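Residue numbering restarts at 1 for every chain, and letters A, B, ... go by the order of the sequence lines. Values in this document were obtained by computation on a predicted structure and should not be read as measured data.
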2 protein chains.
Amino acid sequence: MKYSKQREIVLKALEENVIHPTADELYKLIIKDFPNIGLATVYRNLNLLAEKGVIKKIYGLNDAAHFDHNTHNHHHFICTKCNKIYDIPYDIASDIADNVWKKTGFAIERTELSFQGTCKNCQTKN
Amino acid sequence: MKYSKQREIVLKALEENVIHPTADELYKLIIKDFPNIGLATVYRNLNLLAEKGVIKKIYGLNDAAHFDHNTHNHHHFICTKCNKIYDIPYDIASDIADNVWKKTGFAIERTELSFQGTCKNCQTKN
DNA sequence: CCTTAAACTGATAATGATTATCATTATTAG
DNA sequence: CTAATAATGATAATCATTATCAGTTTAAGG
C-alpha cells in the first residue's frame, strides 16, 4: 500500500464525522474542499482501509454500506425510517432488546446478530 | 392481503429450502416448475411475506438480501467466501465469538450485531 | 351467480450502489 | 534520476431491486 494524498483525505474526512456516512455521503462532503477527487477513489479507499482494519464497514440494511472510523467493539442501532446509525455500547449485548430499550430509549423492531468468516467447507478447500 | 397462487408457490418454495436463498436464487428454482412466474412477483411476495412476519429477511453482506422461512429466534453465520448462510442456535449468543468457535467450528472473522427500529427523532416526528 | 373494486401479475424500464476499465499521474526504492 | 508499481479520475458496466402499467385474478355484496 503506497501513500496517497487522496487516501489521507478520505480517512481524515471519515474521522471527523460523528455520523456513519456512506461512500457517497462522504464523497459529497469531501468535494467541498477537494473538488477534483473522484467518486471511485472514495469507494476504493474506504474499502481498502476497511480491509486493512483501519476503519470498519457497516453492513446494515441492504441499501448502501456505511463506514465507521471507530474500530473498537461496539454495536449499532439503525433507524429504519431515516437510516441513521447510532452507536450502542458493547457491554449492552447481554439482555439484548430489553436492555437497549431501557438504556437508550430506542424501540427495537429487529435485532440482527450475524457472524461472518470462513466456513468449514471453504477452510479445507484452500 | 388477498390470496394469490404465486404467493403460495413462493412461500412453499422457500419452506422447502434448507439454504437461505436470495430472491433471484429462489426465482431460478421456481421457474423450473412454474415457467410463467415473473421475477418481480418473487421479489414482491418475499418482501410482502417478510413484512407480515411470515418469513424473515436476512441483511447480511451488502450484496443480495437472503430469506429465511424459519422465523424463530436464531442467528446466522455468513461465509465470506461462498456467501452461504448457516444457522446458529439462539442460546449461543452470550459469549459470542468464542462460544461459536467451540460449538460449531466456525472461525469468526466478523461479528455484526445491529438493532433496527425507529429512533427518538422519528418517533416524535410521526 | 354477477359485478365491481381492490389486489395481484408479468414484462420491462428505471434506479441506485458499486465495481471494472483504462489511460494518465504519483510514489518510492535503488 | 529512473523504472516499477500503485493510485487516480472519468466513465462505462454490472447487479440487485423497485417502479410502472396494462391486463388478470380474487373476494365480497347484491
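Comparing D:dA16, C:dT9, D:dA7 by their closest approach to the side chain of B:Asn45 singles out C:dT9. Listed candidates were D:dG9, C:dT18, C:dC8. Nearest to the side chain of A:Tyr43 is C:dT18. Here the nucleotide nearest the side chain of A:Arg44, chosen from D:dT17, D:dG9, C:dT9, is D:dG9. For A:Asn47, the listed nucleotide lying nearest its side chain is C:dT19; candidates were D:dT8, C:dT19, D:dT17. Nearest to the side chain of A:Lys2, among C:dA17, D:dA4, D:dT17, sits D:dA4.
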Given side-chain contact (heavy atoms from CB on, under 4.5 Å), test B:Val10 with B:Tyr43 step by step and report yes or no. CA-CA 9 Å; B:Val10 168; B:Tyr43 270 96; over 6 Å; no
Between A:Asn17 and A:Glu25, does the side-chain contact (heavy atoms from CB on, under 4.5 Å) criterion hold? Intermediate values first, please. CA-CA 11 Å; A:Asn17 255 275; A:Glu25 285 168 355; over 6 Å; no
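In this structure, B:Ala40 reaches the bases: a heavy-atom distance under 4.0 Å links it to at least one base atom across the strands shown. Among the heavy atoms of the strands lying under 4.0 Å from A:Tyr3 are primed sugar atoms or P, OP1, OP2 only; no base atom is included. Nucleic acid contact for A:Arg7: sugar-phosphate only, since backbone atoms but no base atoms lie under 4.0 Å from a heavy atom of the residue. Using a 4.0 Å heavy-atom distance criterion, B:Ser4 is classed as a sugar-phosphate-only contact. Among the atoms of the strands shown, none is found under 4.0 Å from any heavy atom of A:Asp24.
When only modelled atom types and interatomic distance are considered, B:Lys56 and B:Asn70 share no side-chain donor-acceptor pair under 3.5 Å.
Put simply, CD1 on B:Ile31 is 11 Å from P on C:dA11, counting in whole angstrom units. A:Leu48 places its CG atom 18 Å from the P atom of D:dT5, with the value rounded to the nearest Å. Here the P atom of nucleotide C:dT9 and the CG atom of B:Leu46 are 11 Å apart, to the nearest Å. Regarding B:Lys28, its NZ atom lies at a distance of 11 Å from the C1' atom of D:dC15, rounded to whole Å. Rounded to a whole Å, the NZ atom of A:Lys57 is 10 Å from the C1' atom of C:dT19. Distance CG (B:Asp63) to C1' (D:dT14): 14 Å, rounded to an integer number of Å. In this structure, B:Glu25 atom CD and D:dA16 atom C1' are separated by 12 Å, rounded to whole Å. Rounded to whole Å, the distance from CG on B:Leu39 to P on C:dA13 is 14 Å.
Nucleotides of DNA chain C nearest to A:Ala64 and B:Pro35 differ in position, and the one nearer the 5' end is that of B:Pro35. Where A:Lys5 and B:Thr22 each meet DNA chain D at their nearest nucleotide, the meeting point lying more 5' is that of A:Lys5.
By the criterion of side-chain heavy atoms lying less than 4.5 angstrom apart, applied directly or through intervening Ile, Leu, Val, Met, Phe, Trp or Tyr residues, B:Phe67 is not grouped with B:Tyr86; the two fall into different hydrophobic clusters. Under a hydrophobic clustering in which Ile, Leu, Val, Met, Phe, Trp and Tyr are joined whenever their side-chain heavy atoms come within less than 4.5 Å, directly or via other members, A:Leu39 and A:Leu48 fall into different clusters.
Ring pair B:His74/B:His20 is tilted by interplanar angle, where 30° to 60° counts as tilted.
Over its length, the helix from C:dC1-D:dG30 to C:dG30-D:dC1 turns its helix axis by 40°, as judged from the five terminal pairs at each end, rounded to 10°.
Distance CD1/A:Ile85 to CG/A:Asp68: 8.0 Å, rounded to 0.5 Å.
Contact annotation: A:Gln6 side-chain N/O to D:dG9 OP1/OP2 distance is under 4.0 Å. Between B:Thr41 and the phosphate of C:dT9, there is no side-chain N or O to OP1/OP2 separation shorter than 4.0 Å.
For the residue pair A:Asn45 and A:Arg7, the shortest heavy atom distance occurs at OD1-NH1, 2.8 Å.
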